**Q** 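Structure incoming, see below.
Owing to the predicted nature of the structure, the values given are computational and were not obtained by experimental measurement.
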Amino acid sequence: MQIPPHRHARSLPRWRVVLYATAALTAGVLAAGAGTLASAAPGQPAAAAAGVGLDDAHKKDIAMQLVSSAENSSLDWKAQYKYIEDIGDGRGYTAGIIGFCSGTGDMLELVELYTDRKPGNPLARYLPALRRVNGTDSHSGLGSGFESAWRSAAADTAFQQAQNDERDRVYFDPSVKQAKADGLRALGQFAYYDAIVMHGPGEDKVSFGGIRKTALSKAKSPAQGGDETAYINAFLDARKAAMKTEEAHSDTSRVDTEQRVFLNNGNLDLNPPLKWKVYGDSYTINQ
């Protein structure tokens, strides 16, 4: 099946999460090739990132808008709690604000968390089916009833909060923590976050850890005494190479006409106004 043009970012996310995220991220650690996640290079202190970090509430909202522009062709990321579809990428359903997938384990963990917090919710009855289809692209036991239940649950603030919390636990917090340890400001922190969302954690060359390891082999991070712009360029080069290993990622505009534009403008703190393009569409964040 042809993947819709504005769903490129949904095509690879998180299949490696089943293999890596549960143990590594629960402990707050990712083996990232060149060193343990959130650790500076041997003998080097972790560098404190200058300026306002991506974990600032306003900067975090900007990060979510940037990701949503690529994954949903919209800046309205909060409208995506109810999103659910099978995009034909072999990972079953893709849904919610960060593309939780029924075939990769993170959707299952999300629904388990929601059910722990709110038993009897509309999705609770689908937990046995989600466990059965995990690791496959099957809809067995799910189907239109599950899709309707997802959309119904998305109106519940408890489910919205569960999506926020799983996004942070699995993707946002680990990537921002590592970026800060590498001495990166908000733009570099976003580059890490966007990469882990698409490629998942892990050590192989096309996962976040492998991309970071490749970048560190080409340039020193600021924590190692390197130039921040040069290092981010090296990271984006490694990210593009990883994207091009799969046809679904052959359009690298979220790097070329988004992150690289901010970098070339010297906007290392990711301060508005921001203007960029993804897949040919133009976006602006004024403040």
**Q** Check whether any side-chain heavy atom of Thr229 sits under 4.5 Å from a side-chain heavy atom of Leu263, and report yes or no.
**A**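 Yes. Closest side-chain heavy atoms under 4.5 Å.
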
**Q** Just by distance, do the side chain of Thr94 and the backbone of Cys101 share a donor-acceptor pair under 3.5 Å?
**A**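 No: the side chain of Thr94 does not pair with the backbone of Cys101.
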
**Q** Over all heavy atoms of both residues, which pair between Ser152 and Pro122 is shortest? Give the atoms and the distance, please.
**A** OG-CG, 4.1 Å

**Q** Does NZ or CZ of Lys220 lie under 6.0 Å from the centre of the six-membered ring of Tyr231, at an angle within 45° of the ring axis?
**A**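 No; the conditions do not both hold, so Lys220 does not lie above the ring face of Tyr231.
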
**Q** Going from CG on Asp182 to CD on Glu228, what distance comes out if it is rounded to the nearest 0.5 angstrom?
**A**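 Here the rounded value is 10.5 Å.
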
**Q** Just so I know, are the side chains of Lys240 and Asp256 near enough to count as touching, which here means a heavy-atom distance under 4.5 Å?
**A**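 They are in contact (side-chain heavy atoms under 4.5 Å apart), so the answer is yes.
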
**Q** Do you reckon Val67 sits in the same ILVMFWY cluster as Tyr279, going by side-chain contacts under 4.5 Å, direct or chained?
**A** yes

**Q** With a 4.5 Å cut-off on side-chain heavy atoms, are Asp165 and Arg117 touching?
**A** yes

**Q** Report the residue from Lys180, Lys60, Gln189 that forms a side-chain hydrogen bond (donor to acceptor under 3.5 Å, both in side chains) with Asp55.
**A** Lys180

**Q** Should Glu258 and Phe190 count as side-chain neighbours, where that means a heavy-atom distance under 4.5 Å?
**A** yes

**Q** Are side-chain heavy atoms of Gln224 and Leu216 found at a separation under 4.5 Å?
**A**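 Result yes, sub-4.5 Å side-chain heavy-atom pair found.
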
**Q** Looking at Lys59 and Asn271, what are the two nearest heavy atoms and their distance?
**A**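 Residues Lys59 and Asn271, closest heavy atoms: NZ-OD1, 3.2 Å.
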
**Q** Measure across Ile196 and Val170 and return the closest heavy-atom pair with its distance rounded to 0.1 Å.
**A** CD1-O, 4.5 Å

**Q** Which atom pair, heavy atoms only, marks the closest approach of His58 to Pro272?
**A** NE2-CG, 4.4 Å

**Q** Could you go step by step and tell me if Glu71 and Arg254 meet the side-chain contact (heavy atoms from CB on, under 4.5 Å) rule?
**A** CA-CA 10 Å; Glu71 298 201 351; Arg254 70 193 293 158; 4.2 Å; yes

**Q** Sub-3.5 Å donor-acceptor pair from the side chain of Ser207 to the main-chain atoms of Glu203, do we have one?
**A**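 Looks like no, no N/O pair under 3.5 Å.
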
**Q** Starting at OG of Ser68, measure out to OH of Tyr283 and round the result to the nearest 0.5 Å.
**A** 8.0 Å

**Q** Would you please test Trp150 and Tyr126 for ring pair (Phe, Tyr, Trp, His ring centres under 6.0 Å) and show each step?
**A** CA-CA 10 Å; Trp150 184 281; Tyr126 292 99; over 10 Å; no

**Q** Kindly compute the distance separating CG (Asp281) from OG (Ser69), expressed to the nearest 0.5 Å.
**A**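 Reported value, rounded in 0.5 Å steps: 9.0 Å.
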
**Q** Are Phe100 and Tyr93 close enough that their ring centres sit under 6.0 Å apart?
**A**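 That pair fails the under 6.0 Å test.
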
**Q** Would you say Leu113 ends up clustered with Leu123 if hydrophobic residues are merged whenever their side chains have heavy atoms under 4.5 Å apart, either directly or through other cluster members?
**A**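 Hydrophobic grouping puts Leu123 apart from Leu113.
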
**Q** Please check: side-chain N/O of Arg131 versus main-chain N/O of Ala129, any donor-acceptor pairing under 3.5 Å?
**A** no

**Q** Please test Phe172 against Val197 for side-chain contact (heavy atoms from CB on, under 4.5 Å), starting from the C-alpha separation and ending with a verdict.
**A** CA-CA 8 Å; Phe172 188 84; Val197 164; over 6 Å; no

**Q** Could you walk me through whether Asp237 and Arg260 pass the side-chain contact (heavy atoms from CB on, under 4.5 Å) check?
**A** CA-CA 10 Å; Asp237 288 344; Arg260 193 87 75 178; 2.9 Å; yes

**Q** Does a donor on one side chain and an acceptor on the other come within less than 3.5 Å for Asn164 and Gln160?
**A** no

**Q** Within the distance-only criterion (no hydrogens, no angle test), does the side chain of Ser148 pair as donor or acceptor with the backbone N or O of Ser144 below 3.5 angstrom?
**A** yes

**Q** Hey, what do you get for CG (Leu187) to OH (Tyr192), rounding to the nearest 0.5 Å?
**A** 11.5 Å

**Q** If we only count heavy atoms from C-beta on, is the Thr284 to Leu274 side-chain gap below 4.5 Å?
**A**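 With C-beta onward as the side chain, the pair stays apart.
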
**Q** Does the side chain of Glu166 reach to within under 4.5 Å of the side chain of Asp106, using non-hydrogen atoms?
**A**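 Glu166 does not reach Asp106 side chain to side chain.
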
**Q** With the side chain counted from C-beta on, respond yes when Tyr81 and Ile97 share a heavy-atom pair under 4.5 Å apart, and no when they do not.
**A**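 Side-chain contact under 4.5 Å: yes.
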
**Q** Is it the case that the side chains of Tyr114 and Glu112 hold a donor-acceptor pair, with the cut-off being a distance below 3.5 Å and no angle test?
**A** no

**Q** Among Asn264, Asp194, Ile232, which residue meets the side-chain contact (heavy atoms from CB on, under 4.5 Å) test with Gln259?
**A** Asp194

**Q** I need the minimum non-hydrogen distance between Pro119 and Asp116, along with the two atoms involved.
**A**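 Pro119 and Asp116 have their closest heavy atoms at CD-O, 4.2 Å.
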
**Q** Side chains of Lys218 and Asn233: donor-acceptor distance under 3.5 Å anywhere?
**A**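 No, no side-chain donor-acceptor pair sits under 3.5 Å.
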
**Q** Sub-3.5 Å donor-acceptor pair from the side chain of Asn121 to the main-chain atoms of Lys118, do we have one?
**A** yes

**Q** State whether the side chain of Thr136 and the backbone N or O of Ser138 hold a donor-acceptor pair below 3.5 Å, judged by distance alone.
**A** yes

**Q** Please report the interatomic distance CG(Asp173) to CD(Gln178), rounded to the nearest 0.5 Å.
**A** 13.5 Å

**Q** Could you check Glu85 against Glu147 for side-chain contact (heavy atoms from CB on, under 4.5 Å), going step by step and ending with a plain yes or no?
**A** CA-CA 8 Å; Glu85 69 173 318; Glu147 295 172 31; over 6 Å; no

**Q** Between the side chains of Asp76 and Ser74, is a donor N or O closer than 3.5 angstrom to an acceptor N or O?
**A**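 No.
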
**Q** Got a second to check how far Met243's CE is from Leu236's CG, nearest 0.5 Å?
**A** 10.5 Å

**Q** For Leu130 versus Ser102, what's the shortest heavy-atom pair and its separation?
**A** CD2-CB, 4.2 Å

**Q** How about CZ on Arg125, more than 12 heavy atoms from neighbouring residues, nucleotides or ligands closer than 6.0 Å, or not?
**A** no

**Q** Using the six-membered ring wherever Trp is involved, compare the ring planes of Phe262 and Trp276 and label them parallel, tilted or perpendicular (cut-offs 30° and 60°).
**A**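 Geometry flag for Trp276 against Phe262: perpendicular rings.
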
